[in-house]
Amino acid sequence: MSALPSFPITPLLPEIRASLAAHPRLVLEAPPGAGKTTQVPLALLDQPWLGDGKILMLEPRRIAARAAAQFMAQQRGEEVGHTVGYRIRFEARVGKATRVEVVTEGILTRLIQDDPELTGIGAILFDEFHERHLAGDLGAALALDVQGTLRPDLRIVVMSATLDGERIAQWLDAPRISSPGRSFPVKVAYPPARVQESTEHHLARVVRVALQENDGDVLAFLPGRREIARTQSILEAPLDHPPLPLGEGLGERVRSERSASVSPNPHPRPLSQRERGEIEVVALHGELSLAEQQTALSPAEPGTRRVVLATNVAESSVTLPGIRSVVDSGLAREPRFDPHSGFTRLETVNISQASADQRAGRAGRVAEGTAYRLWPQSRRLDPSRTAEIVQAELSGLALELAAWGITAGSGVELPWLDAPPAGALAQGRDLLTQLGALATDGRITALGREMLELGATPRLGAAALRAATELRALVADLLALMEARSPLRGEQARTDDFRARVNALHAWRDRHTAGARTGADAGALAAIEQASKGWRRRLDVRSAASGVPDSHAVGDLLLHAFPDRVARRDDGNPLRYTLANGRGARLHESTALHGEPWLVALDLRFEARDSLILAAAPIDPRVLERDYPAQFRRERVLRWNEERQAVEAFEEQRYAAIVLDRRSVPVKPEDALPALLAAVRAKGIDVLPWSEHAHRLRARMQALRAWMPELGLPDVSDAALLDTLDDWLAPYLNGKRSLGALGADELSQALGSLFDYEQRRQLDAQVPESLTVPSGMNRRLDYAEGEPPVLAVKLQELFGLADTPRIANGRIPVTLHLLSPAGRPIQVTQDLKGFWERTYPEVKKELKGRYPRHPWPDDPWTAAPTHRAKPRGT
DNA sequence: CTCTCCCT
């Protein structure tokens, strides 16, 4: 150990050893450059608790796993594969003597599932745990479960670079040791955007400032390719105005921000023509070919300064030499799974504080640096990155859990740092059931176990294992191509026909064409071929596929991975498709798949209406009939025809939600009734044929209920009627096929049926339709909710009536609308007596002249009531 | 008409 070179973490190693001797779990916080990855595993090798056990160290990336193993082996003066080895998918360098095994995260899950006792393993170290990958979280939860049950002696060390150590330590119930890093101070500035300035213009402007104020290269972080391209064109366009004047705006602001441990170039000056000519702008993102990435990663020509416009690749995956300043948009694109739609979509989000610090740290690897942040300093960032487990698609996790014995109803839980959300987990289990990996009781099937053993995603695993033996060579290619980014470049890169990728791989393999002529990236194809070779080994295939597969072969194999994304072209619109899950999708206008009646959509960009199909392959629908017979259904379907206000019946032949054939069939009465009731429920009570009579009947029923609550009458408000349609309306709709067939009388009868005989008797007695007035005529009563009834009547008809009539057992006085002989309103009153006494004499004086042929007695109490005028001449 | 990064 004494031979170890010194790292910032070196002085802490005794403390780390002591802690693990006393306590089986530990949280180790150390920023990049502290040496934790390479020093901690070796420092634990001689510990008594380890005996001759192995140390497993998890890395989130393959490159990092290889590099860490390489570095440690070198440090011991050995080859990789002796004391120190590594294991990543399709590649292992471990030997009998190997005691430190650096593995990628998915490998650990396999190891634990294969041997839950973790025989021979004494410690597991989770490096870069702050990245919170799904596999890392699962691995840690499984390891904790094993430690708590079968292996109390197992040591678990979680190494993290963020401020989140406290939370992790609580979760683990573990002590916490922090190490300083090895990096130079980085000064942070927050230059604000100008009014209406786009992110790209803001960023380009600050990049120019960074070039002025600092030596060395500039690394800028943007959320994606589109923003990188826009920024690049802004930076490469000739300046239409001279660069920033001295001492104004940003230059000043930068120097006044925070206390700087180092002051940037104290005399920023405009770039000269010559200097600008020496600045090289390069893009860096995951879609680039290896060669293109190399350009960005290699040192610039002497005398040339470089501006690297990068996505998140540059945050952790690659190291860039010579960076002295970082310009950070504060944005990243992250996948979010929506359990409702079953799709994952990319969202542009604000980065976490941990990411911001990690990005800024990139400016301090070689010397002091400056980080320019393009968001307001007042903005509060989330302290650390959201764990993948809370926002990702979870079918893979659900399958691992099922293999561990955790099913939907098992009630068993793992000790999660962040538990998987129930909705996404349920959706994952649904998919697994559809793929045949889970039985109906939720337990894992034999196919599910095979899928885990194969080590592909559940979707691709299902496709691979269901393929006929003679197609397995092609399946291996499809797995490799599906997992990789598209190898196509140039014109070809735009195609949405997935078969173009297969053809490019086969052409490259067959050496018929040079890499360049296939329009594909030879480096990418070589990597895909490596993966395909790995899959061929696992699938027991001797030789690789070649040539151009049959037109449906690719789709027919991959539809077993995406049975829910089988798509059929709509009749009306050749670009529009309906997916088996019922959602809409469309091909873009320059599609290479125009006219294909059936597709399997392999990649979609989610949109609320019609998702865009980014990659697809044609399929033969007969394969669906053969392999998913249960999804084919012939069903009677009832539809509401809005125009006819009537029920229609169809017989539909469907694959899942895709309608293959629809024929009109006669409507059965027992079919129609529920559909008619549903239509009323959906459209509201006003859709019924309300007559004047029915309205009035309902008003009286409501009035009686309000005025004589002791009768306990049913509510006939809109809401109550809708709630009880089955009771009162159904008998009258029975046998009908449209709402129009319901007569107005029938509606009244139906309403009336809500009251029994006695209640109807009370209705007629207490809330009558009309009153007989002294003239002998029946005059209608008008009922409105919450008001006394209105009796409109000519004055002359009431002669002899002393008091206001009352109804509802005398509880409610009617409101009299007293009318002139011509039917014009004279007075509204509930006090007839008062009217006769006070108002009538005046009314008489006024109207007698106008209606001389009508009686205007001085004494209305004793006069004979009449509804007619006096006969002429009397 | 345009999608971040990674992994069994």
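Worth knowing before you read on, the calculation uses all heavy atoms, side chains too, and leaves out hydrogens, waters and symmetry mates. Protein chains get the first letters and strands the later ones, always in sequence-line order, with residue 1 at the start of each.
- In terms of the salt bridge (Lys or Arg N to Asp or Glu O under 4.0 Å) criterion, A/E117 has no residue partners (sequence neighbours excluded).
- Residues that satisfy the side chain to side chain contact (heavy atoms under 4.5 Å, CB included) test with A/A437, not counting sequence neighbours, are A/L399, A/L432, A/M451.
- Across the protein-nucleic acid pair, A/F90 atom CZ and B/dT8 atom P stand 9 Å apart, rounded to whole Å.
- For the pair A/L320 and A/A314, the tightest heavy-atom approach, listed with the atom from each and the gap, is CD1-CB, 4.1 Å.
- Using a 4.0 Å heavy-atom cutoff across all strands shown, A/T348 reaches no nucleic acid atom at all.
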Nucleotide by nucleotide, nucleotides 1-6 of chain B touches protein heavy atoms under 4.0 Å in the pattern (B base, S sugar-phosphate only, - none) BBBBBS

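- In this structure, A/L397 atom CG and B/dC7 atom C1' are separated by 14 Å, rounded to whole Å.
- Following rounding to the nearest Å, A/E91 (CD) and B/dT8 (P) show an atom-to-atom distance of 10 Å.
- Of the residues in residues 103-113 of chain A, those lying under 4.0 Å from DNA chain B by heavy-atom distance are A/T104, A/G106, A/I107, A/R110.
- Rounding to whole angstrom units, CD of residue A/E393 and P of B/dC7 are separated by 18 Å.
- Here the C1' atom of nucleotide B/dC7 and the CZ atom of A/R66 are 13 Å apart, to the nearest Å.
- Remark: A/R429 engages no residue in a salt bridge (Lys or Arg N to Asp or Glu O under 4.0 Å) (not counting sequence neighbours).
- A/R132 meets the salt bridge (Lys or Arg N to Asp or Glu O under 4.0 Å) test with A/D137, A/D418; sequence neighbours excluded.
- Here A/R93 pairs with nothing under the side-chain hydrogen bond (donor to acceptor under 3.5 Å, both in side chains) rule; sequence neighbours left out.
- With sequence neighbours left out, the side chain to side chain contact (heavy atoms under 4.5 Å, CB included) criterion links A/Q147 to A/P24, A/R25, A/L144, A/L154, A/I156.
- A/D145 is linked by a side chain to side chain contact (heavy atoms under 4.5 Å, CB included) to A/T149, A/W404, A/L414, A/P415, counting only residues two or more places apart in sequence or in another chain.
- When rounded to the nearest whole Å, the span between CD1 of A/I88 and C1' of B/dT8 equals 12 Å.
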